[in-house]
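To keep things clear, I will list the structure first and then write my remarks on it.
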Amino acid sequence: MTKKEQPLKLKVLSHTQIEQLLAHLDHWQLQHVDESPRLVKKYQCQQFADAMLLANQIGNIAELEKHHPRLVIQWGWVQVSWWTYRQQGLTEMDFIMAARCDELAERSAG
Ligand SMILES: C[C@H](O)[C@H](O)[C@H]1CNC2=NC(N)=NC(=O)C2=N1
């Protein structure tokens with residue numbers, strides 16, 4: 001797929017666009033790894049099983065959307081990182097998926 005055919009959701013965002021979109025997310029941090037920006041959030045969970053459950057729910061929507069996070073699971077929390085691998089940057093898709101994670105976390109918190 002050439003750049004110009006890139007779907008809008010996978011167009012790399014500028015720093016200004018990132019800052020604007022970040023303002024609409026709740027407690028997501030902008031981190032840089034090897035100069036590549038990422039959205040990162042750590043969800044606190046009561047039990048390890050809860051962290052596994054949330055990670056699986058996130059994995060399911062990632063498979064559906066063909067857009068995948070980095071997930072780190074530990075007793076008491078699951079850390080989610082979003083970026084668009086092929087662009088080595090942030091796209092709208094990353095922000096959409098971050099918001100979807102918050103919905104899932106909200107729902108599983110009951
Ligand atoms: C072919 C497959 O859809 C692509 O490789 C997808 C898979 N999941 C992905 N996930 C993320 N976060 N970024 C990508 O560029 C990406 N590409």
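Every number for a ligand or one of its atoms is a count from 1 in the order of the listing. Positions are given from 1, in the same order as the sequence printed here.
No side-chain N or O of Thr16 forms a donor-acceptor pair with one of Glu19 less than 3.5 Å apart. The closest side-chain donor-acceptor pair between Tyr43 and Asp50, if any, does not fall under 3.5 angstrom.
The only option from Leu13, Leu90, Thr84, Val12 that meets the side chain to side chain contact (heavy atoms under 4.5 Å, CB included) definition with Pro37 turns out to be Leu90.
For His32, the NE2 atom sits in a packed shell: over 12 heavy atoms of surrounding residues, nucleotides or ligands are nearer than 6.0 Å.
Protein residues with any heavy atom under 4.0 Å from ligand 1: Lys66, His67, His68, Trp83, Thr84, Tyr85, Arg86.
With sequence neighbours excluded, the residues forming a side chain to side chain contact (heavy atoms under 4.5 Å, CB included) with Ile58 are Leu54, Pro69, Leu71, Val80, Trp82, Cys101, Leu104, listed by chain and number.
A salt bridge does not link Asp94 to Arg38: none of the charged side-chain nitrogens sits closer than 4.0 Å to a carboxylate oxygen.
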